[in-house]
Amino acid sequence: MIPFNAPPITGSEIEYMQSAMNSGKLCGDGGFTRRCQQWMEQRFGSKKVLLTPSCTASLEMAALLIDIQPGDEVIMPSYTFVSTANAFVLRGATIVFVDVRPDTLNIDETRIEAAISAKTRAIVPVHYAGVACEMDTIMALAQKYQLYVIEDAAQGVMATYKGRALGSIGHIGCFSFHETKNYTAGGEGGATLINDDHMVERAEIIREKGTNRSQFFRGQVDKYTWRDLGSSYLMSDLQAAWLWAQLEAAESINQQRLRLWQRYYEALQPLAASGRIELPYIPASCQHNAHMFYIKLRDNEDRSALIAWMKEAEILTVFHYIPLHSSPAGQRFGRFEGEDNFTTRESERLLRLPLFYNLSDNNQNTVISSLLSFFS
Ligand SMILES: *Cc1c(COP(=O)(O)O)cnc(C)c1O
């Protein structure tokens, strides 16, 4: 069976985890956490990067940091993972869903303004498949209406928009190091990128259970106390050790993924040319990170037939999000603003192919030939 995903493994993980064990400090903010955070600050140009247990936790931190209150509205696409919405619903916000663009499946930047009300506090662009949303337009809207921008860059690590790292453009960015993402911290993990100087101190406090323990550890205060609301949003240093092995190899992991992505793209070009499928579109302003390779079929029925065909060939291909606005919780906590022209339609015909760091060329060839044979 060719799996849909396998966690990336570089080979150095065990050595670094052993080293973390030998250091006698496994809790958060140890040596490996610092290394990972500094590497990301330098590489992505963020003011402060804080490792967290997950992107879900990072999104929750973001909602706390911008003081979301009951009744506030937060704008995001409906075509996203539940955590994008939950983080704000947990603070009492109402989610306002906006349609996606059919070409990238990212929030349609031209439809955001009509969804802004007096209660709107934030826009949450989700960089689907590691392809950037139209951030210049989104940031300009945020400035015009005094809103925060929280980037859900769970899938966007190492991808850029006009040369700027995803996650470093909005006020706050959120990364995922879940095993299904391009880099993992041993299965689960995340990072919060603080791009606004004024938020750094409070971000550290919220992450440390509402205390100024981070300042205490740096010797900036002589005791630490409860300062604000907060929770425990630290990653274990054992996981940071695993993550360090991946960040050290980030360039080669990225190149390998892009190579696999390109192989799919070229091999499937004839199917696209004859109108049998659609291939992903990458706007000129975006350098993507090959987080995902998807194709679009004619409709849901075609997609089900192809999934079954591939399964018969022992290959797992999977669809993606059920739009949040059509789910029971989405209906309870949110509303769709404007027409759903593309969210439902595109979500029903999108299919993701196996793409992961350790996928062999041989196995990829099998996926490609099984796919071609379905259409011949
Ligand atoms: C994976 C993902 C998340 C959640 O990441 P976790 O690290 O599993 O919490 C959130 N948003 C998007 C868009 C994702 O793809």
Side-chain angles (χ1 to χ4, degrees), residues 4-5 7-8 36 40 49-64 74-90 95 97-98 100-101 104-107 122-133 135 138 149-159 166-167 169-170 172-193 207 231-236 239-240 242-243 246-247 257 280 288-294 318-325 327 329-330 334 343 346-347 350 352 355-356:
F4 167 68
N5 179 66
C36 291
M40 285 192 274
V49 176
L50 298 166
L51 290 189
T52 62
S54 64
C55 184
T56 301
S58 287
L59 288 159
E60 288 177 22
M61 264 186 81
L64 287 168
V74 177
I75 295 173
M76 64 180 66
S78 168
Y79 189 66
T80 184
F81 189 61
V82 289
S83 297
T84 320
N86 255 332
F88 300 92
V89 169
L90 279 166
I95 307 300
F97 298 113
V98 169
V100 291
R101 293 162 46 143
T104 57
L105 292 145
N106 282 331
I107 190 165
I123 307 170
V124 188
V126 179
H127 305 298
Y128 188 67
V131 178
C133 298
M135 291 305 291
I138 293 170
V149 174
I150 314 293
E151 293 177 76
D152 183 338
Q155 305 175 13
V157 182
M158 293 284 281
L166 302 195
I169 304 167
I172 304 172
C174 302
F175 282 170
S176 173
F177 299 117
H178 186 265
E179 69 171 33
T180 53
K181 301 301 185 336
N182 292 24
Y183 312 92
T184 185
E188 301 277 354
T192 310
L193 285 72
R207 178 165 167 268
S231 189
S232 184
Y233 291 126
L234 285 82
M235 174 191 284
S236 144
Q239 281 182 271
W242 179 299
L243 180 61
Q246 311 246 308
L247 294 182
R257 293 190 74 109
H288 73 112
N289 60 1
H291 172 64
M292 186 191 301
F293 194 94
Y294 64 77
V318 295
F319 51 82
H320 213 179
Y321 308 127
I322 309 292
L324 296 183
H325 75 284
S327 67
T343 300
E346 301 302 300
S347 73
L350 180 144
R352 296 179 292 160
L355 197 169
F356 47 91

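Counting starts at 1 for both ligands and their atoms, in listed order.
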Minimum heavy-atom distance between Glu151 and Gly167, given as atom pair plus value: OE1-N, 2.8 Å
Over all atoms of both residues, closest heavy-atom pair of Met76 and Thr84: CE-O, 3.2 Å
With Gln239 via side-chain hydrogen bond (donor to acceptor under 3.5 Å, both in side chains) - residues at least two apart: none
Set of side chain to side chain contact (heavy atoms under 4.5 Å, CB included) partners for Tyr321, sequence neighbours left out: Tyr79, Phe81, Tyr128, Gln155
Donor-acceptor pair between Thr52 and Ser58 side chains, under 3.5 angstrom: yes
Contacts of type salt bridge (charged side-chain N to carboxylate O under 4.0 Å, His left out), residue Glu346, not counting sequence neighbours: Lys296, Arg349
Is there any protein N/O under 3.5 Å from an N/O of ligand 1, and what does the full list of such pairs look like?
{"unit_1": "ligand 1", "atom_1": "5 (O)", "unit_2": "Ser176", "atom_2": "OG", "d": "3.3"}
{"unit_1": "ligand 1", "atom_1": "7 (O)", "unit_2": "Cys55", "atom_2": "N", "d": "2.9"}
{"unit_1": "ligand 1", "atom_1": "7 (O)", "unit_2": "Ser176", "atom_2": "OG", "d": "2.7"}
{"unit_1": "ligand 1", "atom_1": "9 (O)", "unit_2": "Cys55", "atom_2": "N", "d": "3.3"}
{"unit_1": "ligand 1", "atom_1": "9 (O)", "unit_2": "Thr56", "atom_2": "N", "d": "2.9"}
{"unit_1": "ligand 1", "atom_1": "9 (O)", "unit_2": "Thr56", "atom_2": "OG1", "d": "2.5"}
{"unit_1": "ligand 1", "atom_1": "11 (N)", "unit_2": "Asp152", "atom_2": "OD1", "d": "3.3"}
{"unit_1": "ligand 1", "atom_1": "11 (N)", "unit_2": "Asp152", "atom_2": "OD2", "d": "2.8"}
{"unit_1": "ligand 1", "atom_1": "15 (O)", "unit_2": "Gln155", "atom_2": "NE2", "d": "2.8"}
{"unit_1": "ligand 1", "atom_1": "15 (O)", "unit_2": "Lys181", "atom_2": "NZ", "d": "3.3"}
{"unit_1": "ligand 1", "atom_1": "15 (O)", "unit_2": "Tyr321", "atom_2": "OH", "d": "3.3"}

